[in-house]
Enquirer: 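Pasting a structure here, questions to come.
These numbers come from a predicted model, not from an experiment. Below, chain A is the first sequence line, B the second, and so on; all start at residue 1. All values below were derived from every heavy atom in this structure, side-chain atoms included, with hydrogens, water molecules and symmetry-related copies excluded.
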Amino acid sequence: MPIPKFTKSPLIEVVCGIEFNALDFSSVHFGLYWEAIKDRFPIPPLDRPPIGDIEIFNTMPLLRRVWFESDDRKQLIQLQSNRFHYNWRKRDDSGPYPHFHEIYPRFYDEWSKLQSWWSQIEGTPLQPIRYELTYVNQIDKNFGWNNASDHHKIFSIVSQEWQNIPLQSNVFNTNIEFRLPDEKGTLCVDLKQGVRPKDSMVLMILDLTASTTDMTIDINNWFDLAHASAVEMFLSLINQQCKEEWGLKWLA
Amino acid sequence: MVGLTTTLQIDYEGRYSNALSKASSVDALYCDPDLLIREYFLSPLEQRAVSRKTIISHIKTWQSVLVIVSWGASGKAQDSYDGAINLLAETKNFRLLEFATSGAATYIGMLNKGLHVNFAENCLEIIIKSIACAYQVDAKQRFALLSNFIHLTDRRVIKATIIDALMIISDEIDVTTIRDVINVFTTDQDEYIRDYAEEALQGIE
C-alpha cells in the first residue's frame with residue numbers, strides 16, 4: 001500500500017498511549033522504572049500533574065505523571081498510575097520526520113518492556129482499557145497560513161466564500177469528532193490558534209486524536225487502523241494546492 | 001500573548017470528555033507555564049532572546065515567578081542566572097515583580113541555613129536585579145519595590161546587589177532619591193559596603 005510522505009510536513013509530534021489498570025501502583029514504581037529505562041531515557045525525570053479522569057474518592061494525594069526523556073529529547077515516555085504514553089517530537093528542522101511505521105515499533109517495544117517489568121516486580125499484568133494515538137501539526141506562515149482568514153487556503157472543508165464575510169476573522173477554532181470504521185473508536189480533529197513560544201509566531205495547531213475503549217481488537221490492528229484513519233483524515237482536510245506545495249509524494 | 005488564542009471557553013464534559021489528548025508535550029507548552037519556563041532554560045541562548053518576551057507574557061502566578069528564580073539560582077541550565085534576570089526583566093506587569101518581592105521572604109529565611117545559603121543569595125540577587133532591569137515597569141514603582149530590600153539582611157552580597165540595582169535605575173528617576181538611599185550604605189558596619197556605596201555615589205556624580 002503506498003505511503004504518503006511530505007517533503008515539508010507540519011507534523012511535530014506523534015503520541016501513542018495506553019490507559020491501563022494496575023494494581024498497587026505507587027510512587028516507588030517511578031524510581032524503579034527509571035532505573036530500568038535510564039540507558040535510553042537518561043534526562044532527569046520531570047514531575048507533572050496526572051492527566052485523564054480524576055478519582056473523586058481518594059484518601060491519598062493523586063500520584064504524579066512523570067516524564068522520561070531521551071538524550072536528544074526527541075523521545076518522551078510519560079508514565080502515571082494508569083497511563084503510558086510514548087511521544088516522538090520534532091526538535092529541529094533537520095532531517096526528514098520518521099514515519100508511523102518507525103515510531104510505532106518503538107512505542108510497542110517500550111510498552112512491552114513496561115509490561116514485562118511490571119509483571120516481574122508485581123506479579124500481576126497491566127490491563128489495557130484504552131488506546132490513544134495523537135498527531136500534532138503546527139501550521140504557520142511557512143505553510144501558507146498567516147491568520148484565521150487563511151483557513152480556506154489550507155482546509156478543504158472551509159469554502160472560498162469564507163473570504164466574502166464582511167469582517168476579518170480573528171480566531172477560528174473548531175473541534176470535530178468522527179467515528180472510526182466498524183465502531184472501533186473515535187477520531188477527534190481539534191483546530192486551534194496559538195502563538196508559538198519559541199519564536200512568537202502565530203500559528204494553527206491541528207491535533208488528530210484517535211482513541212478507543214474497545215479492547216477486543218488487537219493492539220497492533222487498532223493502531224494501524226487509527227494511523228490509517230488519521231492520515232486519511234489529514235489528507236481529506238488539506239486542500240490539493242497545499243498538498244502540492246508541501247511536496248506530497250506516494251512512496252511504494 | 002503566548003498560548004492558545006480563544007474567545008470561547010468550551011466545556012468538553014460529557015461524551016467528549018475523553019476526546020482530546022492531554023498527552024501532547026507540544027500542546028502542553030501552550031497551557032503549562034512551568035513547562036514553558038523549563039523549555040526556555042533548556043533552549044540555546046540565542047533562542048532564549050527570541051522567546052522571552054512571549055514567555056514572560058504567559059507568566060501570571062507567583063509560583064511561576066519563583067520557578068523562574070529557582071531555575072536561575074540552581075545553575076541547572078547554561079547561563080541560567082542571567083537567563084532568569086533577562087526573562088523577568090521583560091515583564092510589563094508590576095504584579096509579577098511584587099510576587100518576586102514577596103517571595104524574597106522565603107529566601108531570607110534560608111540565609112541562615114548552611115546548605116542553602118548560596119542558593120538563597122542567588123535567588124535574592126536575581127529578584128533584585130530583575131526588578132531593577134524591568135524597563136517596561138515604571139521606575140518609581142521599581143524603586144518602591146527595591147526599597148523593601150534595603151534593611152532586609154546584613155549579607156554583603158545582597159547589599160552590594162541593592163546598590164547595583166539602584167545604580168541601574170539612577171538615570172530613570174530623581175538622582176537625589178537614589179543618592180539618599182545609597183547614602184544609607186555609606187555608614188554600614190561593613191567596610192566593603194561603605195566603600196562600594198562611596199564609589200557608587202561618585203559614579204552618579
Side-chain angles (χ1 to χ4, degrees), chain A residues 12-17 19 43-44 46-53 65 67 69 73 76 78 83-87 89-90 130 132-138 148 170-173 175 177 186-190 192-205 207-211 213, chain B residues 1-59 63-64 67-68 70-71 74 76-77 87 90:
Chain A
I12 56 158
E13 186 172 34
V14 178
V15 191
C16 302
E19 196 172 333
I43 292 184
L46 178 70
D47 294 341
R48 307 306 311 145
I51 53 175
D53 295 337
R65 172 175 44 127
W67 280 22
E69 291 177 282
R73 301 189 66 211
L76 163 70
Q78 302 181 67
R83 276 177 179 254
F84 171 84
H85 291 278
Y86 173 89
N87 300 46
R89 302 176 292 186
K90 187 176 182 178
R130 186 167 175 272
E132 186 177 288
L133 174 66
T134 299
Y135 284 81
V136 181
N137 300 276
Q138 287 187 347
N170 196 31
V171 178
F172 186 160
N173 293 348
N175 180 247
E177 189 176 284
T186 57
L187 175 63
C188 186
V189 176
D190 184 42
K192 49 193 181 276
Q193 287 173 226
V195 180
R196 185 164 48 211
K198 188 171 80 170
D199 54 11
S200 308
M201 191 183 281
V202 289
L203 47 73
M204 186 169 46
I205 302 152
D207 288 355
L208 295 103
T209 301
S211 65
T213 52
Chain B
M1 186 192 83
V2 179
L4 298 179
T5 312
T6 179
T7 54
L8 182 67
Q9 289 296 315
I10 301 170
D11 183 6
Y12 287 108
E13 288 301 314
R15 66 178 296 238
Y16 297 109
S17 59
N18 285 327
L20 292 177
S21 168
K22 304 279 191 299
S24 164
S25 64
V26 175
D27 283 0
L29 289 175
Y30 292 83
C31 52
D32 187 336
D34 286 2
L35 282 180
L36 209 52
I37 293 165
R38 179 175 184 264
E39 203 61 31
Y40 168 80
F41 280 103
L42 294 181
S43 63
L45 300 185
E46 60 274 20
Q47 182 57 55
R48 288 184 197 171
V50 176
S51 63
R52 56 182 166 241
K53 266 193 172 64
T54 44
I55 288 176
I56 198 65
S57 70
H58 205 50
I59 304 302
Q63 289 96 332
S64 293
V67 168
I68 295 170
S70 184
W71 265 98
S74 68
K76 282 192 290 188
L87 181 58
E90 284 295 341

Enquirer: I'd like to know if the side chain of N87(A) reaches the main chain of A23(B), judged simply by a donor and an acceptor atom lying under 3.5 Å from each other, with no hydrogens or angles considered.
Expert: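 Indeed, once roles are kept as given, a pair shorter than 3.5 Å links the two residues.
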Enquirer: Does E13(A) use its side chain to pair, donor to acceptor, with the backbone of V26(B) at less than 3.5 Å?
Expert: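 A pair under 3.5 Å: yes.
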Enquirer: Answer with side chain, backbone, both or neither: which region of S25(B) has an atom nearer than 4.5 Å to a non-hydrogen atom of chain A?
Expert: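 Both the backbone and the side chain of S25(B) come within 4.5 Å of chain A.
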Enquirer: Going from CG on D27(B) to CG on D190(A), what distance comes out if it is rounded to the nearest 0.5 angstrom?
Expert: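 One gets 7.5 Å once the value is rounded to the nearest 0.5 Å.
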Enquirer: Considering only heavy atoms from C-beta outward, does the side chain of L35(B) approach that of L46(A) to under 4.5 Å?
Expert: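 Side-chain contact under 4.5 Å: yes.
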Enquirer: Give, for atom CZ of R196(A) and atom OG1 of T54(B), the distance between the pair rounded to the nearest 0.5 Å.
Expert: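 It comes to 10.5 Å.
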Enquirer: Any salt bridge between K22(B) and E132(A), counting N to O under 4.0 Å?
Expert: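 Salt bridge flag = no for E132(A) with K22(B).
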Enquirer: Salt bridge (charged side-chain N to carboxylate O under 4.0 Å, His left out) with R38(B): which residues, sequence neighbours excluded?
Expert: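 R38(B): salt bridge (charged side-chain N to carboxylate O under 4.0 Å, His left out) contacts with E69(A).
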Enquirer: Kindly give the heavy-atom pair with the smallest separation between L203(A) and Y30(B), and that separation in Å.
Expert: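 Heavy atoms of L203(A) and Y30(B) come nearest at CD1-OH, 3.6 Å.
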Enquirer: Output the distance between atom CE (M201(A)) and atom OG (S51(B)), rounded to the nearest 0.5 Å.
Expert: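 OG of S51(B) is found 13.5 Å from CE of M201(A).
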Enquirer: Identify which part of I43(A) has an atom lying under 4.5 Å from any heavy atom of chain B, answering side chain, backbone, both or neither.
Expert: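 Side chain of I43(A) only, per the 4.5 Å heavy-atom cut-off to chain B.
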Enquirer: Considering residues at least two apart in sequence or located in another chain, which fulfil the ring pair (Phe, Tyr, Trp, His ring centres under 6.0 Å) criterion with F41(B)?
Expert: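 Partners of F41(B) by the ring pair (Phe, Tyr, Trp, His ring centres under 6.0 Å) criterion, ordered by chain and then number, come out as W71(B).
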Enquirer: What are the two closest non-hydrogen atoms of V15(A) and S24(B), and how far apart are they?
Expert: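 Scanning both residues completely, I find the closest heavy atoms to be CG2-CA, 4.1 Å.
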